[in-house]
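Accompanying notes for the structure given below.
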Protein chains: 2
Amino acid sequence: MNLPGRNINPHISVDCVIFGFSTNQLKVLLIKRAYTNSSGRLSNDHKLPGDFIAINEDLDLAASRTLKELTGLKDIYLQQFAFFGMPDRISKSMDIAWLNETSGHKIQRVVTAAYYSLINITDTNSDFAIKNNATWIDVKQVPDLAFDHATIISNGLAHLQLTLRNEPIGFELLPEKITIRELQTLYEMILDCTLDNRNFRKKILKSTYMVQLEEKQRGVAHKPAYYYRFDRNIYEKYKKESLGFNF
Amino acid sequence: MNLPGRNINPHISVDCVIFGFSTNQLKVLLIKRAYTNSSGRLSNDHKLPGDFIAINEDLDLAASRTLKELTGLKDIYLQQFAFFGMPDRISKSMDIAWLNETSGHKIQRVVTAAYYSLINITDTNSDFAIKNNATWIDVKQVPDLAFDHATIISNGLAHLQLTLRNEPIGFELLPEKITIRELQTLYEMILDCTLDNRNFRKKILKSTYMVQLEEKQRGVAHKPAYYYRFDRNIYEKYKKESLGFNF
DNA sequence: TTTAGTTAGCGTATTTTTTACGTTAACTTT
DNA sequence: AAAGTTAACGTAAAAAATACGCTAACTAAA
């Protein structure tokens, strides 16, 4: 959290849209914000994990730092996807008041760089690390948010969908091991559609960059599935070759 | 150009990467920068059209304003694509000196919002409008640039390529009328590849959103080609229907 | 006026990719 | 041992992408 007088640049901030998938829901990580409303009472709402950047702090590093400070999550790949610079984006009086209070600066307008990521909620280490002021909220049921954070989230989701349609979810975003079914469910959650499991499997198997591991699922009440991992090297080669264009 | 004492926000700037296509080259619009080098002589190099934003100025509007002020180009659609915030991105001493001189501020670090666009150089109105301190430079032969502008350009080109592979170049970027051959050449220049003209034509004709006009080319020493226009409404419908995923 | 040179515009056969759909295998729980 | 559940595979049909050659319509030069 910002302390008054900290050496920040009060014009620029970063915000992180962390998508998380568990069994069958796509969620987004939000933190609670407490503020004093116009009638003098203490109110609550949610905001994205984000913060002003420090003087001379790199934007990417500021995003990682912020995420760790506010949620405990670390070593998460963060992808910048947009920046927001409308002069009125923080104009609600309670937002301005909160900013002035928490930053120790007289705030006029803030330009924010938005980052997104995607993680597996049920990975114990991730789950464990979430501080208790941060919570996972179903993407389809995001409540009223501070600032323009609802816009930032829907924008981030659009970017994630676009990425997913045009290349495998792979690169930085996949967990170390995943079953084909889990991957399919992930696709279905993000694209908000249903896919044919046989055709999806064929597509995955044909792609050389999803590599089958020896490990199987354990303790499941059905035929256990093999785990796969995403091989970045193979993928990079494949990507170079397949530069067709589609529209 | 900035005048000392102008009411600017010295932490944030905008930069415009304007790609232009003429007969068979993809170019980028650069402006000359004069500065006094370490041995006291006047030197020249190039930079992207860009500027600090004014206090409380919208980023998108700042980009349009800057482009118009520096190059005369107006009513150009500008697409944001990245936000650059490495602390050392303006660290060359001559860059710092130039910034201090032109802005009238003591500059530490500048975060810049980058925009790109694509226009037809031979459109007389565009061509006419370019001020004489701005020049079109072949994308493949960009000289040494100020700041990290070379990085910004290659990043912008990558974004343009990505866009082009995943949807028609259409939306805001196409000129009002274009022949299929011109469109193909544009694709080839941007993607840096060759395409089969018959198959390309088939693809365009099958797409319902490229609409044939009655007007033909005139005065060309060969069979004149029909002009086409991009119909955004048809495209928006098409886009909604065709949300497959490929990888 | 004719000829040469140039790009526009079309068609078809082949290969590759996508889609649609059913059945057996391997595990846990009752 | 039986019931329940998801994994894993295959094939035929439709659609899309690719490869390739020829005629049409214009200007410029002879």
Side-chain angles (χ1 to χ4, degrees), chain A residues 21-24 122 164-168 177-189 191 193-229 238-239 241-247, chain B residues 21-24 122 164-168 177-189 191 193-229 238-239 241-247:
Chain A
F21 56 101
S22 56
T23 340
N24 56 358
T122 51
L164 201 58
R165 281 207 200 86
N166 299 322
E167 44 191 329
K177 60 178 187 179
I178 192 167
T179 69
I180 295 184
R181 181 75 223 189
E182 284 166 356
L183 189 58
Q184 183 185 333
T185 304
L186 183 54
Y187 268 75
E188 291 177 333
M189 287 189 293
L191 299 180
C193 65
T194 60
L195 301 170
D196 181 276
N197 64 346
R198 292 154 293 189
N199 293 332
F200 185 83
R201 167 176 300 273
K202 249 181 294 185
K203 225 168 177 171
I204 296 297
L205 294 183
K206 206 177 50 172
S207 86
T208 50
Y209 45 80
M210 289 300 299
V211 180
Q212 186 179 331
L213 304 177
E214 297 195 357
E215 187 183 354
K216 287 183 190 181
Q217 283 178 319
R218 289 155 146 270
V220 288
H222 56 79
K223 178 171 176 177
Y226 281 100
Y227 284 109
Y228 285 73
R229 69 178 173 82
Y238 156 85
K239 203 173 172 183
E241 293 161 7
S242 70
L243 288 184
F245 77 105
N246 304 297
F247 64 94
Chain B
F21 57 99
S22 56
T23 339
N24 57 358
T122 51
L164 202 58
R165 282 208 199 85
N166 299 322
E167 44 191 329
K177 59 179 188 180
I178 193 166
T179 69
I180 294 185
R181 182 74 222 189
E182 283 167 356
L183 188 59
Q184 183 184 333
T185 305
L186 183 54
Y187 268 76
E188 291 177 335
M189 287 189 294
L191 298 180
C193 66
T194 59
L195 301 170
D196 182 276
N197 65 342
R198 293 153 292 190
N199 293 333
F200 185 83
R201 168 176 299 274
K202 248 180 294 186
K203 226 169 177 171
I204 296 297
L205 295 182
K206 208 177 48 171
S207 87
T208 49
Y209 46 79
M210 289 301 298
V211 180
Q212 186 179 330
L213 303 177
E214 296 195 358
E215 187 183 353
K216 287 181 189 183
Q217 282 178 321
R218 289 154 147 270
V220 288
H222 55 79
K223 179 171 175 178
Y226 281 100
Y227 285 108
Y228 286 73
R229 70 178 173 81
Y238 157 85
K239 203 174 174 183
E241 292 160 9
S242 72
L243 289 184
F245 76 107
N246 304 297
F247 64 96

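Residue numbers begin at 1 in each chain, while the letters A, B, ... track the order of the sequences.
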For residues 214-226 of chain A, please give each side-chain donor-acceptor pair under 3.5 Å, one per line with the distance, not counting sequence neighbours.
from	atom 1	to	atom 2	distance (Å)
Glu215(A)	OE1	Lys177(A)	NZ	3.3
Glu215(A)	OE2	Lys177(A)	NZ	2.6
Gln217(A)	OE1	Ala225(A)	N	3.0

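Residue Glu182(B) holds its CD atom at 11.0 Å from OG of Ser22(B), rounded to the nearest 0.5 Å. Separating the CD atom in Gln212(B) from the CZ atom in Arg229(B) is a distance of 11.5 Å, to the nearest 0.5 Å. Atoms NZ and OH, from Lys203(A) and Tyr187(A) in turn, are 8.5 Å apart once rounded to the nearest 0.5 Å. Note: Phe200(B) CZ to Arg181(B) CZ = 9.0 Å, rounded to the nearest 0.5 Å.
Here Lys203(A) does not reach the OP1 or OP2 of dT17(C): none of its side-chain N or O atoms lies under 4.0 Å away. Between Arg181(A) and dT6(D), a side-chain N or O to OP1/OP2 separation shorter than 4.0 Å is absent. For dT18(C), one of the phosphate oxygens OP1 or OP2 lies less than 4.0 angstrom from a side-chain nitrogen or oxygen of Lys206(A).
Judged by distance alone, with hydrogens and angles left aside, the side-chain atoms of Gln184(B) form no donor-acceptor pair with the main-chain N or O of Arg201(B) at under 3.5 Å.
We find that NE2 of His222(A) is positioned 17 Å from C1' of dT30(C), with the value rounded to whole Å. One can place CD1 of Ile180(A) at 6 Å from P of dA8(D), the figure rounded to the nearest angstrom. Here dA25(C) presents its P atom at 15 Å from OH of Tyr226(A), a figure rounded to the nearest Å.
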I'd like a table of atom pairs between the protein and nucleotides 21-24 of chain C - only N or O on both sides, under 3.5 Å - with the distance next to each one.
from	atom 1	to	atom 2	distance (Å)
dG22(C)	N7	Arg198(A)	NH1	2.5
dG22(C)	O6	Arg198(A)	NH1	3.4

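Side-chain atoms of Ala225(B) lie closest to dG9(C) of the nucleotides dA8(D), dA26(C), dG9(C).
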